[in-house]
Undergrad: 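There's a structure below that I have some questions on.
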Amino acid sequence: MRVLIVEDDATLGDGLSVGLRLAGFTPDLVTTCADARAALETDEFGAMVLDVMLPDGSGCDLLAALRQQGVDLPVLMLSALDQVRDRITGLDAGADDYLGKPFDLDEVTARLRALSRRSDGRTQPKPSWNGLTLDLSRMEGGRDGKTLQFSRREFAILSALMERPGTILDRAALEDRLYGWQEGVESNALEVHIHNLRAKLGPRFIQTVRGVGYRLAPEDTV
């Protein structure tokens with residue numbers, strides 16, 4: 001999942017970016033309300049991690065404005081303002097979750113996974129398809145009693161496809177899950193990752209729809 005981080009503390013922002021990337025997310029970092037608006041206008045994200053106190057305004061005011069505009073992006077608010085009244089203000093502004101600073105990075109990633117589940121209408125924390133079950137917290141899969149290991153980008157592709165089984169995802173949608181602003185996109189990287197996934201899961205687990213993109217094979221056909 002691609003995540004927009006809005007945090008003006010350089011150390012904290014960089015730490016969040018590194019931690020989320022290691023947990024399988026694709027993070028992009030901005031430091032102001034204005035940059036957050038610009039990012040949301042030009043790119044698609046699965047969630048936003050939003051600070052309250054930003055150099056050019058309040059994260060709560062930014063979020064309230066976005067909600068009035070119809071932006072339904074899941075938002076986890078992180079703030080040093082962690083009194084009951086502060087949390088109420090953030091949630092009433094449109095936050096889906098609120099976590100005080102300092103925080104545990106594992107808790108942040110768990111909350112983001114929960115937000116993603118609710119946004120996609122899923123109730124199961126471990127998505128399953130054709131005998132494969134994904135453990136999103138460990139970035140690994142289980143099948144026929146065996147544990148399967150995946151690279152970060154292989155897992156990102158697989159989880160994107162399993163979020164919408166049967167839906168065809170084009171190259172742009174999948175590459176958007178793999179690469180942030182600071183990462184270059186290699187011309188044949190997606191095909192290499194798909195090839196590696198088929199080697200681990202079987203050649204028919206992921207179907208190529210020529211000229212369109214990729215999808216999971218129908219259940220019970222692999």
Side-chain angles (χ1 to χ4, degrees), residues 1-5 14 16-29 43-47 74 105-106 108-110 112-117 119-122 124-222:
M1 178 171 63
R2 193 168 178 188
V3 178
L4 179 64
I5 302 171
D14 289 343
L16 273 169
S17 295
V18 171
L20 292 185
R21 187 171 290 109
L22 290 173
F25 298 92
T26 300
D28 287 308
L29 174 65
D43 290 276
E44 292 189 9
F45 299 90
L105 186 58
D106 287 340
V108 172
T109 59
L112 285 173
R113 288 192 294 270
L115 290 182
S116 177
R117 278 200 309 275
S119 176
D120 292 337
R122 293 181 287 116
Q124 295 299 323
K126 295 183 178 182
S128 298
W129 191 256
N130 265 328
L132 175 69
T133 299
L134 293 187
D135 188 328
L136 301 179
S137 64
R138 295 178 178 271
M139 285 196 296
E140 63 185 26
R143 193 181 191 190
D144 298 328
K146 298 179 181 179
T147 299
L148 299 173
Q149 303 294 334
F150 304 100
S151 71
R152 179 174 68 88
R153 286 180 172 152
E154 288 170 4
F155 195 83
I157 292 170
L158 192 55
S159 58
L161 291 169
M162 289 184 70
E163 285 170 8
R164 299 171 180 83
T167 300
I168 301 170
L169 298 184
D170 63 19
R171 170 183 290 275
L174 289 172
E175 287 182 343
D176 192 55
R177 293 286 293 259
L178 296 179
Y179 300 100
W181 296 326
Q182 306 303 319
E183 300 175 284
V185 181
E186 300 175 22
S187 60
N188 66 336
L190 181 60
E191 287 78 8
V192 171
H193 296 313
I194 294 290
H195 172 80
N196 292 339
L197 285 169
R198 286 171 172 158
K200 296 175 181 180
L201 300 170
R204 294 185 296 169
F205 195 88
I206 298 174
Q207 295 180 333
T208 300
V209 181
R210 294 194 179 278
V212 184
Y214 300 93
R215 67 182 175 193
L216 297 183
E219 280 199 292
D220 303 322
T221 63
V222 176

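Just so you know, residue 1 is the first one in the sequence shown, and it goes up from there.
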Undergrad: Main chain of Ala217, side chain of Trp129: is a donor-acceptor contact present, judged purely on distance under 3.5 Å?
TA: yes
Undergrad: Taking the side chain as C-beta and beyond, is there a heavy-atom pair between Pro218 and Gln207 under 4.5 Å?
TA: yes
Undergrad: Going through the distances and angles, do Asn196 and Phe150 end up as a side-chain contact (heavy atoms from CB on, under 4.5 Å)?
TA: CA-CA 9 Å; Asn196 292 339; Phe150 304 100; over 6 Å; no
Undergrad: Going through the distances and angles, do Leu105 and Leu22 end up as a side-chain contact (heavy atoms from CB on, under 4.5 Å)?
TA: CA-CA 11 Å; Leu105 186 58; Leu22 290 173; over 6 Å; no
Undergrad: So do the side chains of Leu201 and Asn130 get within less than 4.5 Å of each other, counting heavy atoms only?
TA: no
Undergrad: If I take atom CZ from residue Phe155 and atom CG from residue Leu148, how far apart are they, to the nearest 0.5 angstrom?
TA: 11.0 Å
Undergrad: Run the side chain to side chain contact (heavy atoms under 4.5 Å, CB included) test against Glu44 and tell me which residues pass, sequence neighbours left out.
TA: Asp176
Undergrad: Does CZ belonging to Arg138 count more than 12 external heavy atoms closer than 6.0 Å?
TA: no
Undergrad: Under a 4.5 Å cut-off applied to non-hydrogen side-chain atoms, are Leu20 and Thr109 in contact?
TA: yes
Undergrad: How long is the span from the CD1 atom in Ile206 to the CG atom in Leu161, to the nearest 0.5 Å?
TA: 5.5 Å
Undergrad: Mind checking side chain to side chain contact (heavy atoms under 4.5 Å, CB included) for Ser17 and listing every partner two or more places apart, or none if nothing turns up?
TA: Ile5, Pro27, Leu29
Undergrad: Run the salt bridge (charged side-chain N to carboxylate O under 4.0 Å, His left out) test against Arg113 and tell me which residues pass, sequence neighbours left out.
TA: none
Undergrad: Can you give me the closest heavy-atom contact between Thr167 and Arg215, atom names plus distance?
TA: O-CB, 3.4 Å
Undergrad: Search all heavy atoms of Gly24 against all heavy atoms of Arg152 and return the closest pair with its distance.
TA: CA-CG, 4.2 Å
Undergrad: Taking the side chain as every heavy atom from C-beta outward, state whether Arg117 and Leu136 have any pair of such atoms under 4.5 Å apart.
TA: no
Undergrad: Which of these, Asp170, Ile157, Ile168, Leu190, sits in a side chain to side chain contact (heavy atoms under 4.5 Å, CB included) with Tyr214?
TA: Leu190
Undergrad: Can you measure from OG1 (Thr147) to CD (Glu140) and round to the nearest 0.5 angstrom?
TA: 5.0 Å
Undergrad: Which value, rounded to the nearest 0.5 Å, describes the distance between Leu178 atom CG and Glu154 atom CD?
TA: 10.5 Å
